[in-house]
Structure formats: structure tokens, C-alpha cells
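This report refers to the structure that appears directly beneath it.
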Amino acid sequence: MEKIRIYGGHELNGHIDISGAKNAALPLMTAAILTGEPLTLNRVPDLKDVGSLCAVLNKLGVKTAYDPASKRMTLDATNITSCVAPYELVSQMRASILVLGPLLARHGEAKVSLPGGCAIGSRPVDLHIDGLAQMGAEISLEDGYINAKAPAGGLKGAQIHFAKVSVGATENLLMAATLAKGTTVLFNAAREPEIVDLGECLIAMGADIQGLGTDKITIRGVSALKGITHAVVADRIEAGTFIMAAAMTGGTLTLNHADNRHIHYLLEPLHKAGVSLTENEAEHSITVKRVRDRLRGIDVMTEPYPGFPTDLQAQLMSMLTIAEGAGMVTETIFENRFMHAPELIRMGANITVHGSSALVRGVPMLKGADVMATDLRASVSLVLAGLVAKGATTVHRIYHLDRGYENIVEKLSGVGAKLERLKEEAA
Ligand code: UD1
């Protein structure tokens, strides 16, 4: 077990290279199941979640080769030898559910554990299951597993109306529909850039897809897909995290290889808070600079893309803890996603949670403390708080951080932050 100790009070100045997006890389890796030819992905971030998904794919017979230096991954699903994604592997990462659609589409059968700690009802996958059932799959839930079988002749095109906008369900159904008989239309589909990236890769593989980036996606099934090479889109959540880090610490930070189009939802709220973001389209970079002595409190509500992302909510709350005046953060995507609030309060923040909203009254200064990370984005919000707190902050259980942030200690150290990764002493 490791922890990170941060010594607060240092400005961030210089350049950070943004990695490929975790949330694009994971679905793209599962798309390899759809073809008997090798799929090569460039710009795959070296993350624990990527390794966990490789383990799931290997179990199915997909051969994977990853070179962390070049960030290139090759996936070869010529021989699918099993259709079972077991609990021990799926429980490590919810995104493993994304093997369900591709397996059913190409292999005709899938047995996938329900994601760890999840029961249908609390962290449901009902939209994934209902959509596949509408495409003719026979699905039963047994002993914590989803057992699914495609009809003879394969999945059939369907008109699928999602009751709720879901990134994962849109991705699963989009992949399943590429090899189905006939046309599938996804209504109320999610519009995230990571879905567009997946769709563009599928089109290059030979799929017939229209409407990517809109809430109505039309897919005409084809008989087979081919292997290609595709580069993973930039991680807009990593970029947003570093933007808020620079806004909090001060200094001038440039993020290279970011895709600025996907950061536009940050421009207005951050401008209101007193942050200038200057885009350089030619170099795909964005420069962040705080233009006030102290940030200003703002109100933000999380929404599906192109709204403010739930995956930046914790970092924004951290930023508001030191702003002038009050700000309100409303979380509409996930229940109970304020686990970082009590930890920030331990550092001197003034936060009151009322249901799905948190009122953050800015304080002049946070104080270093021992804090515990409870999920990926909560962990990084505590690192951000540590960057501006007086004294040392130790973030424990950083396992979560390694799931989604590539080389975060090195990246932040490279622009002037003082932080180190330490071994957790045995109790
Ligand atoms: C993805 C992202 C995650 C992000 C989330 C919302 C990946 C690997 N993960 O997660 O980082 O926080 O989008 O932007 O890309 N829901 C249902 N039934 C379902 C599926 C979802 O009710 O069958 C609900 C969820 O409980 C949640 C909402 O829909 O309240 C959105 O979830 P969804 O978009 O599916 O999130 P993920 O795809 O799991």
C-alpha cells in the first residue's frame, strides 16, 4: 500500500503532456473482440484499469501486448476461447461490463459477472441488459452473473430508447449493433467525446454508424469488422484536473496534446471563477492562468456531456474551498458522490452537504492533514487540496489514483509541485 505526501504552497509553472483518455481506452480495448484481426491502439495510458481490463480480455482468449514506453497496445481476438468474465476480475473494475455487447455480437454468448459491489437497483446495468434484450438476446441473471445468448443468426437491429443517458450502455449497444442483422437506432444516447472516439474507431474498422456526438445514433449492421490502428483521444478529465490545480496554486501552466474542443464546458465556469484559459489550436495546447489574487465562488451542476462532468466535480469542490465567497456544487449523475467532502473538511474546508448539493464557503487557507481517498476522482481532489494547504498533507490509499492518473507524481513534480510517493508503514 502506498501514500502520497504533498508539501503545499508551490505555484505550478511549465508544461504537462496530457495522456490518452482512460475512459476512451477501455471501451476501445473491448472493441477488439468484434474482429478476428489485430486491433492496434496508440496513446493507451499506462494505468491500473488498463491492466485490469487486459486480464479480463486475456481470460476470454484475447491476446494483448502493451509497450508502456510507446503507449502502443495490440489486441488479437482471433480465437475467443471463453465467454466468461469472472467475478474476481470484473469486481476490480466496473467498465469490464463493456465486454458484454461485443462478446454477444461476435461470439453469440456471454457470461459476465455483475460489476463488483453492485446490485441491480443501486449501481445498475439495467440499460445495458434491456437494450441487448431488445436486440433479441436471451438474458438471465443467476448467481451474480449475467447470462446472455444471441438468437440463432445473431443479434437483430432494434430501436432502443434509453430511459436515462448512460455512457457505458451507449457504448455496449453501439458495439453490439455493429455486427447485428439490420439497423439499430439508439435514442437518448450519450454524447461524450470518448463515445465519438469509439465510434470513429469502429467506422475505420468497417462499421456503418451515423449520428456520433448526437443523442440519436444509427448503426447499420455489417457482416464483419477488420483490424486497424487507432489513437486514443486526449483525456479531458486529466486536463480539467490540471487546469484546476493551476487555478488553485497560481502560476502559468500549459497542457500539451489536450483536445481543446472537449474542454469548452470548463471555459465559462472557470472564467467566472477568475481563471483565464488560452487555447492554441495549432499545437493542441491550452494555457491556464489565474487572473485574480483569489478565485471567486461559483455554482456548478454536473450533467451528461456537454454539461459539466461528474468526473471533475470533486476537483471543482476542492478548488472552491479556497475561493472568495460561496459556491454550490450539485451532483445529478451519481448519488453519494461527495465522499471527498468530509476529508476536505478535515483540512479546514467549510462545506455543508444537503442531499445532492454541497455549499462550499471559501476559507483563506487549508491546512495539511492525513486524509483518505475513497474513489478515483475523490483521491485527486485531495491531492489538489494538498497542493495549496499549509504544511504537509498525506493522502492514504492512493490505489484509486493509480487506476486513472498516469504518472501524476512525476507530472506535478515536473511543474514545481513538491510531493512524493511513500510506502505505507505496516500497522
Ligand atoms: C462512465 C465513466 C465514468 C463517469 C460516468 C458518467 C467510463 C469507463 N466511466 O461510467 O468515469 O463518471 O460515465 O459520466 O467511461 N445507470 C443506470 N442504469 C444503467 C447504467 C447506468 O441507471 O444500466 C445510471 C448510473 O447509475 C448513473 C447514470 O446512469 O446514475 C450514468 O451512468 P453511466 O453514464 O452509465 O456511467 P458509466 O458508463 O458507468
Side-chain angles (χ1 to χ4, degrees), residues 20-31 44-45 47-50 52-53 56 90 92-101 112 114-134 139 141 146 148 160-176 186 188-199 215 232-233 235-238 240-241 262 265 301-316 330-340 356 374-381 400-401 403-405:
K22 167 180 88 74
N23 285 355
L26 300 176
L28 284 165
M29 287 166 65
T30 65
V44 175
L47 296 171
K48 209 164 233 159
D49 270 7
V50 166
S52 301
L53 187 57
V56 175
V90 176
Q92 309 211 350
M93 192 188 39
R94 185 176 160 78
S96 312
I97 189 76
L98 294 175
V99 302
L100 182 61
V112 178
L114 284 163
C118 300
I120 289 206
S122 59
R123 282 189 70 184
V125 286
D126 56 322
L127 299 171
H128 303 240
I129 293 174
D130 293 352
L132 290 167
Q134 286 177 61
I139 301 186
L141 299 179
I146 304 165
I160 298 170
H161 295 257
F162 293 116
K164 194 169 183 176
V165 181
S166 160
V167 173
T170 303
E171 291 168 342
N172 236 337
L173 273 297
L174 172 63
M175 289 190 278
L186 305 179
N188 200 23
R191 294 181 281 168
E192 269 67 1
E194 294 76 22
I195 298 172
V196 176
D197 196 35
L198 170 66
D215 61 2
V232 178
V233 71
D235 195 324
R236 65 196 165 95
I237 304 299
E238 187 197 26
T241 301
H262 305 149
Y265 53 81
M301 189 194 293
T302 63
E303 283 170 309
Y305 190 84
F308 191 91
T310 175
D311 285 351
L312 283 175
Q313 180 260 106
Q315 299 89 314
L316 180 88
T330 304
E331 172 60 56
T332 71
I333 310 289
F334 291 108
E335 298 158 21
N336 193 23
R337 208 180 187 180
F338 286 143
M339 282 97 76
H340 39 285
S356 61
T374 44
D375 73 40
L376 169 58
R377 309 300 171 185
S379 311
V380 85
S381 76
H400 297 286
L401 206 56
R403 286 189 37 221
Y405 285 91

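Counting starts at 1 for both ligands and their atoms, following the listed order. Positions are given from 1 along the sequence.
For ligand 1, none of its N or O atoms has an N or O atom of R377 under 3.5 Å away. In terms of N/O distances under 3.5 Å, ligand 1 is approached by S166. Distances between N or O atoms of A95 and those of ligand 1 include no value under 3.5 Å.
Atom OG1 of residue T310 and atom CZ of residue F334 lie 6.0 Å apart, to the nearest 0.5 angstrom.
With a 4.0 Å heavy-atom cut-off, ligand 1 is reached by the backbone of I333 and by its side chain too. For R94, every heavy-atom contact with ligand 1 shorter than 4.0 Å involves the side chain, none the backbone. Under 4.0 angstrom from ligand 1, the non-hydrogen atoms of T310 all belong to its side chain. Residue contacts with ligand 1 for R337 involve side-chain atoms from C-beta outward but no N, CA, C or O (heavy atoms, distance under 4.0 Å). For D311, every heavy-atom contact with ligand 1 shorter than 4.0 Å involves the side chain, none the backbone.
Between atom 1 (C) of ligand 1 and the options V167, L26, L376, the minimum heavy-atom separation is to V167.
Per-residue contacts place H128 under 4.0 angstrom from the following atoms of ligand 1 (heavy atoms of the residue considered): 23 (O). Proximity to D126 (heavy-atom distance under 4.0 Å) selects the following atoms of ligand 1: 17 (C), 18 (N), 19 (C), 22 (O), 23 (O). Those atoms of ligand 1 that come under 4.0 Å of a heavy atom in V125, given as number and element, are 19 (C), 23 (O). Close contacts of ligand 1 with G168, meaning ligand atoms under 4.0 Å from a residue heavy atom, involve 35 (O), 38 (O).
Taking 4.0 Å as the cut-off between side-chain N and carboxylate O, D126 and K164 do not count as a salt-bridged pair. Salt bridge annotation for R236-E194: present, with a cationic side-chain nitrogen under 4.0 angstrom from a carboxylate oxygen.
Residue contact check for ligand 1: E194 places no non-hydrogen atom closer than 4.0 Å to it.
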* **side chain to side chain donor-acceptor pair (under 3.5 Å) between S379 and Y405, intermediate numbers included** => CA-CA 10 Å; S379 311; Y405 285 91; over 6 Å; no
* To do: Output, in order, the C-alpha distance, side-chain angles, deciding distance and verdict of side chain to side chain contact (heavy atoms under 4.5 Å, CB included) for Y305 and I195.
  => CA-CA 11 Å; Y305 190 84; I195 298 172; over 6 Å; no
* Chi angles and distances behind the side chain to side chain contact (heavy atoms under 4.5 Å, CB included) call for L26, T30 -> CA-CA 7 Å; L26 300 176; T30 65; over 6 Å; no
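Minimum heavy-atom separation, D197 to A24: OD2-CB, 3.7 Å. Of all heavy-atom pairs spanning S381 and A314, the tightest one is CB-O, 3.3 Å. Taking every heavy atom of both residues into account, S52 and M93 meet most closely at CB-CE, 4.1 Å.
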